[in-house]
Amino acid sequence: MSPYDRDPATLDERYRALFEQSAEGLWCADLDEPIPTSLSVEDQVRLMFERGYLGDANVAMARMYGFDDPSLLIGARIEQLLPPEDPHNVEYLRAFVRSGYRLTDAESHEIDRDGAPKVFANNLVGTVHDGLLWRAWGTQRDITQRRLTAERLRRSQKAESLAVLAGGVAHDLNNLLAVMMGHAQLALKRVGPAHPAVHDLERVLGAAETAAELARHMLAYAGRGEVDAAPADLNELVRRTLTLIRVAVPSNVAVTTELDPALSPAEVDASQMQQVVMNLVLNAAEALGAQSGSVHLATSVREPTAAERADAEAMGVRLADGPHVVLAVTDDGPGMPADVLARVFDPFFTTKTCGRGLGLAAVQGIVLGHQGAVLVASALGGGARFEVLLPRARGAVPASRAVEPEPEPERVAGAGGTILVVDDDREVLETIHDLLTSAGFATLVATSAEGALEELRAHRGEIRAVLVARVMPGPSGRALRDALRAIEPRMPIVTCCGFADEVDLAEGPTEIDVSLLKPVRLAALLEAIERVSPSGAR
């Protein structure tokens, strides 16, 4: 070693240059007073938060917090950078003490100059002398983006798993409800209006329809709900929904709006979007509880940020290019802590004493089904803000037309003729058979594609229409339809589906195809038969 290298001033200069020029964050945390290492772990952690401050930092370290000059960061209190209300940070310092004041690749949850959350990986060692902790030195790497990517992947996988579960449960539930509703309708027809059991049967039918609505919410969450999208005025939809639910909003909650008069039309299913608005407003009102507060609805058009697009892709949706129509619902309630915020879209998750069903999970499913995204921001004491991003419509909003009342089913569908019913679920098959028989149809049944083809060959020219389940073991869907049409090229087919994405009519629709979502009422079933095979055309 040369005399130059041994000179203390030269060594200090070289080490300082290394400190300043390092691409990795380097820091030193000092204490107002040293901490006795004989104290309990909890007392040492408490004193670290109370007495600790940043004594030194290099440029790389400062930039991780949004500063170009380290002097703007030096002197900051440890509790300002490392929020003690985050349990992870408390455990981080506990581990530091328990490990003998030395940690490797330990994560800290911090905040930058703008209050944005940051995740850092730290290597740190404490300076202990005469039983006292004097300071800690460390290196730091910013792994925030890596953690965000991992969290998005976790959320995506979780959402996908829950969606598969919800879709499967809803599919089976719909089959059971089809049987319940069908037999309740048959019983009502048989007992007559004056029978004392009529009231009970109507209660059964009403409960089954409520369960069917829950199943539709589950399908919406799973992204398998039926979306009939068209250009719509979101402002008008918001006004109409608020009129409908005004009596359901508590008197202590003020609902205000700020609707963009130049808002572009959105491409939405109006009835489903009405459910979204209703759910968000009532959820916000419930968050306020008994305290006075407000719920504010605003519409606008803006371009999604890169982070918002990434969040949507993590949920399996690629947002369209260009600006989107935005609905923001904001409340000034108590807000949500981080653990609740992370689970807010989970099915059946609630902070209330009694659960309220799928709730926000269904909202998210509906919006994802529209190729949109739901964003949420909240903090304890800071209220909550939900933003719904929806694709802009290419066309104009159609002029409103008066809704004509639906005629009674007996006058819509002329009874008569033979219907071939195909379903692998025998309970569903027998229920539909009984319903059609009660309406004056002759029925043939088959539990497989092969059986359906045999019945069609045996009764060629006699069958008015085929009612077939979309998914069955063996050939089903498009393959079964093609096989049926190979025998009877113009055979009218009504497809019964468990969920919307089973429908494959887009692969080759005809004027004699109709699709229904289970469970279906007799009136809807008869109307579908009439649509594919008008009684006057026989």
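Bear in mind that the values here come from a model prediction, so they are computed numbers and not experimental data.
- A donor-acceptor pair shorter than 3.5 Å can be found between the side chains of S533 and R464.
- Using a 4.0 Å cut-off between a side-chain N of Lys or Arg and a carboxylate O of Asp or Glu, E454 and R457 do not qualify as a salt bridge.
- More than 12 heavy atoms of other residues, nucleotides or ligands lie within 6.0 Å of CD in E462, so this atom counts as buried by the packing criterion.
- The main-chain N or O of L327 is never found under 3.5 Å from a side-chain atom of T299 such that the two would form a donor-acceptor pair.
- Partners of H88 under the ring-ring contact (aromatic ring centres under 6.0 Å, His included) rule, at least two apart in sequence or in another chain, are H109.
- For the atom pair OG1 (T443) and CG (L420), the distance works out to 9.5 Å, reported to the nearest 0.5 Å.
- A donor atom on one side chain and an acceptor atom on the other are found under 3.5 Å apart for S294 and D332.
- In this structure E303 satisfies the salt bridge (charged side-chain N to carboxylate O under 4.0 Å, His left out) test together with R309, sequence neighbours excluded.
- The one candidate from L429, L435, T431, V466 that meets the side chain to side chain contact (heavy atoms under 4.5 Å, CB included) condition with V421 is L429.
- With L375 as the fixed residue, the side chain to side chain contact (heavy atoms under 4.5 Å, CB included) test singles out one of T305, L389, V326: L389.
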Side chain to side chain contact (heavy atoms under 4.5 Å, CB included) between V422 and L467: does it pass, once the steps are laid out? CA-CA 6 Å; V422 189; L467 179 64; over 6 Å; no
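- Looking at residues two or more places apart in sequence or on another chain, you find no salt bridge (charged side-chain N to carboxylate O under 4.0 Å, His left out) involving E450.
- Counting only heavy atoms from C-beta outward, the side chains of R147 and E107 approach each other to under 4.5 Å.
- The side chain to side chain donor-acceptor pair (under 3.5 Å) search around Q291 returns none, not counting sequence neighbours.
- Residues satisfying the salt bridge (charged side-chain N to carboxylate O under 4.0 Å, His left out) criterion with D423, sequence neighbours excluded, are K518.
- Among residues two or more places apart in sequence or in another chain, the salt bridge (charged side-chain N to carboxylate O under 4.0 Å, His left out) test is passed with E387 by R302, R385.
- With hydrogens and angles left out, the side-chain atoms of T256 and H296 include a donor and acceptor closer than 3.5 Å.
- Exactly one of L234, V238, D233 qualifies for a side chain to side chain contact (heavy atoms under 4.5 Å, CB included) with E236. That residue is D233.
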